[in-house]
2 protein chains.
Amino acid sequence: MAYRRTTKMATRLAATRERIADAALSLVARGGYGAADVTAIAAEAGVSTGLLYRYFPSKADLFDEVFQRASQREIDACTAAASLPGNSRERLARVVETFARRALRGRRLAWALLAEPVDPLIEADRVRFREPYRAIFAGIIRRGIESGEVAPQDARTVAAGMVGAIAEALLGPLSEPPHPDDEDTLIATVTRLCVQSLGQKPESTIR
Amino acid sequence: MAYRRTTKMATRLAATRERIADAALSLVARGGYGAADVTAIAAEAGVSTGLLYRYFPSKADLFDEVFQRASQREIDACTAAASLPGNSRERLARVVETFARRALRGRRLAWALLAEPVDPLIEADRVRFREPYRAIFAGIIRRGIESGEVAPQDARTVAAGMVGAIAEALLGPLSEPPHPDDEDTLIATVTRLCVQSLGQKPESTIR
DNA sequence: CAAAAAAATGAAAAGTGGTTCACTTCTTTT
DNA sequence: AAAAGAAGTGAACCACTTTTCATTTTTTTG
C-alpha cells in the first residue's frame with residue numbers, strides 16, 4: 001500500500017533539492033542570471049523542469065534559497081573577520097578586506113549578488129543580501145562610538161554608505177578580467193576609504 | 001506629389017518624439033520601469049505602439065534617450081555645484097549635498113535611475129548614468145591632490161566609492177515616504193562621510 | 001509480487017512584452 | 001481636388017520563460 005516517509009527516501013529527496021539549488025548557484029556563478037532559466041537549471045541538476053516545481057513553488061522561491069546560501073557563506077566570513085580582536089578601525093579594515101578579496105576571487109558570483117540586473121521577482125533578495133553587511137558594519141561603528149574611538153554618528157547610514165562604496169568601487173574591476181597586481185592596491189584604497197569615512201578619533205577634535 | 005519636409009511638419013514630428021520621451025519618463029517617475037512597457041508609454045503619449053517604433057528603433061533606444069535627459073538635468077546641477085569657488089572639501093561637500101537633496105526630492109525617479117531593477121536591455125544606461133558623477137568627483141579629488149589639499153590616492157576608485165556610498169545610503173530613505181526632519185541629518189551624514197573619506201590634509205600626516 | 005502512492009517526466013499551455021506590418025488617415029503638392 | 005507620400009494605427013506575431021498536468025517510472029508496503 002502507501003508508503004511512509006522512510007529515512008532513505010527523505011535523504012534522497014533532500015539530495016535532489018540540494019542538487020537543484022546547487023545547479024542554480026553554479027549557473028549563476030558561471031554565466032549570471034541570464035544563464036539561469038528554469039530549463040537550464042533543471043538540465044544542470046539532471047532533473048525535469050516539472051520536478052523542480054515539486055521542490056520549489058516558483059523560480060523566485062528557488063532563488064530565495066540559492067541567494068540565501070551564497071550570501072550566508074560570505075556573511076559568515078565577514079562576521080568571523082569582524083569578531084577577531086582589535087580596535088574598531090582595525091576590525092572594520094579587516095571586514096572590508098575580507099569582503100573585497102572574496103568578491104574579487106568569485107567575480108562572477110559577486111557581480112550576480114551585488115549588481116547584475118535580475119528580474120524584479122528576485123530583486124528583493126538582493127536588497128536583503130546587503131542588509132547583513134550593513135549590520136556588521138553598523139555593529140563595529142556602534143561599538144567604536146561606545147568605546148570613544150569613533151565620533152558619534154548615524155551608524156546605520158554610515159554603514160550603508162560603506163556597503164555601497166565597496167560595492168561600487170569593486171563593480172568596474174569585477175566585470176573585468178582579473179588584474180592581480182592592481183587588486184591589492186584596489187583593496188587597500190577601498191579599505192582606507194571606509195576607515196577614513198569614520199572620521200578622526202574624537203580626542204583630536206575636542207576643543 | 002511627394003512632400004518635402006516643411007518646418008511645420010518637422011516641428012510636429014519633433015513634438016511627437018518629445019511626447020513619447022516625456023511619457024516614458026513620466027511613467028518611470030511615477031511607477032518605475034515596471035509601469036513603463038511600450039504599450040503604456042504609447043498610451044500615455046497618446047500614440048500607437050507602432051508609431052513609437054517610427055521614432056525609436058527599439059525600447060532600449062528610447063530609454064537611452066529618456067535616461068540621458070533625466071540624468072543630464074541632475075548632472076548639470078552637480079556640475080554647477082562643483083564649479084562654484086572653494087577648496088576641494090567645500091566643493092565636494094556641495095556636490096554631495098546637491099545630489100542628495102535632489103534625489104530625495106524626486107524620490108521615485110531617483111530610485112529608478114539609481115537602483116530599481118530593470119531588464120538587462122536597459123541596464124547599460126544605469127552604468128552610464130553613474131559615470132558622470134564619478135567623473136565630477138574624480139575631478140574634484142584630482143584637483144585637491146594637485147593643490148596639496150588632499151593626499152595622493154586613486155581618484156577614480158575613491159570617486160566610485162563616493163557615488164556608491166551616496167546611492168546606498170539614500171536607497172532606504174528613497175523608498176520610504178518623505179521624512180523632512182530626518183532629511184537634513186541624513187544629507188549631513190552622507191556629506192561628512194564623503195568628505196572624510198578623502199582623508200586628512202597631507203600637512204598633518206607629514207612626518 | 002501486486003497494489004498504492006509518491007517521484008519524475010516533458011511536452012504543451014499560459015503569460016509576458018517587444019516588435020512588425022498591412023492598412024487607414026492625414027498632409028502636401030501640383 | 002486628385003495623386004503621392006508620409007504619419008499613424010493596432011492587432012497579430014514572435015521569442016522567450018515560467019508553470020502546469022496527464023502520463024510514466026520508481027519505490028514502498030502488505
Side-chain angles (χ1 to χ4, degrees), chain A residues 1-21 23-24 27-28 31-66 117-123 125, chain B residues 1-21 23-24 27-28 31-66 116-125:
Chain A
M1 226 186 273
Y3 78 61
R4 214 166 297 248
R5 262 215 168 15
T6 66
T7 39
K8 188 178 169 187
M9 200 64 210
T11 306
R12 200 180 103 197
L13 290 180
T16 302
R17 189 186 173 84
E18 196 80 8
R19 280 226 315 287
I20 295 171
L27 282 174
V28 169
Y33 284 106
D37 55 285
V38 290
T39 315
I41 295 168
E44 174 86 7
V47 302
S48 60
T49 58
L51 191 60
L52 188 152
Y53 279 85
R54 286 192 157 271
Y55 288 88
F56 301 92
S58 75
K59 191 190 180 184
D61 286 88
L62 165 59
F63 270 90
D64 251 28
E65 187 164 326
V66 168
V118 284
D119 64 299
L121 206 64
I122 290 163
E123 180 66 11
D125 292 319
Chain B
M1 227 186 276
Y3 75 59
R4 217 165 296 252
R5 267 225 164 6
T6 65
T7 38
K8 188 178 171 187
M9 200 63 210
T11 306
R12 198 180 104 197
L13 289 181
T16 302
R17 189 187 172 83
E18 196 80 8
R19 279 225 316 287
I20 294 171
L27 281 174
V28 168
Y33 285 106
D37 54 284
V38 290
T39 317
I41 295 169
E44 175 85 9
V47 302
S48 61
T49 58
L51 191 60
L52 188 151
Y53 279 85
R54 286 191 159 274
Y55 287 87
F56 301 91
S58 73
K59 191 190 180 186
D61 286 270
L62 165 58
F63 271 90
D64 252 26
E65 186 162 329
V66 168
E116 190 182 0
V118 285
D119 64 299
L121 206 65
I122 291 162
E123 180 65 11
D125 292 319

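In the text below, chain A, chain B and the rest are named by the order of the sequence lines, each starting its count at 1. Worth saying up front: this structure is predicted, and the values here are computed from it rather than measured.
In this structure, the CZ atom of R17(A) is 15 Å from the C1' atom of dA7(C), given to the nearest Å. To the nearest angstrom, C1' of dA6(D) lies 10 Å from OH of Y55(B). Straight-line distance from the CD1 atom of I20(B) to the C1' atom of dG8(D): 10 Å, rounded to whole Å. At whole-Å resolution of the value, CD1 in I41(B) and P in dG10(D) are 17 Å apart. Spacing between atom CG of D37(A) and atom C1' of dT18(D) amounts to 9 Å, rounded to whole angstrom units. The CZ atom of R54(A) sits 11 Å away from the C1' atom of dA5(C) (whole-angstrom rounding). When the P atom of dT28(D) is taken as reference, atom CG of L13(A) falls 10 Å away, rounded to whole Å. Atom-to-atom, CG of L27(A) to P of dT17(D) comes out at 13 Å; the value is rounded to the nearest Å.
Of the two residues near DNA chain D, G34(A) and L51(A), the one whose nearest nucleotide lies more 5' is G34(A). With the nearest nucleotide of DNA chain D identified for both G46(B) and T49(A), G46(B) has the one nearer the 5' end.
F56(A) comes within contact range of no nucleotide atom at all, as no heavy-atom separation falls under 4.0 Å. Nucleic acid contact for T39(B): none, since no nucleic acid atom lies under 4.0 Å from a heavy atom of the residue.
A distance of 6.0 Å separates OH of Y33(B) from CZ of F63(B), quoted to the nearest 0.5 Å. To the nearest 0.5 angstrom, R54(B) atom CZ is 10.5 Å from L13(B) atom CG.
When side chains are defined from C-beta on, R19(B) does not count as touching E44(B), because their heavy atoms never get closer than 4.5 Å. Using a 4.5 Å cut-off on side-chain heavy atoms (C-beta onward), V28(B) and V66(B) make no contact. Using a 4.5 Å heavy-atom threshold, the side chains of V47(A) and I41(A) count as separate.
Look at Y53(B) and you won't find any side-chain N or O under 4.0 angstrom from OP1 or OP2 of dT20(C). Phosphate contact (OP1/OP2 of dT9(C), side-chain N/O of S48(A), threshold under 4.0 Å): present.
You'll find that the side chain of K59(B) is closest to dT19(C), out of dT19(D), dT19(C), dA7(C).
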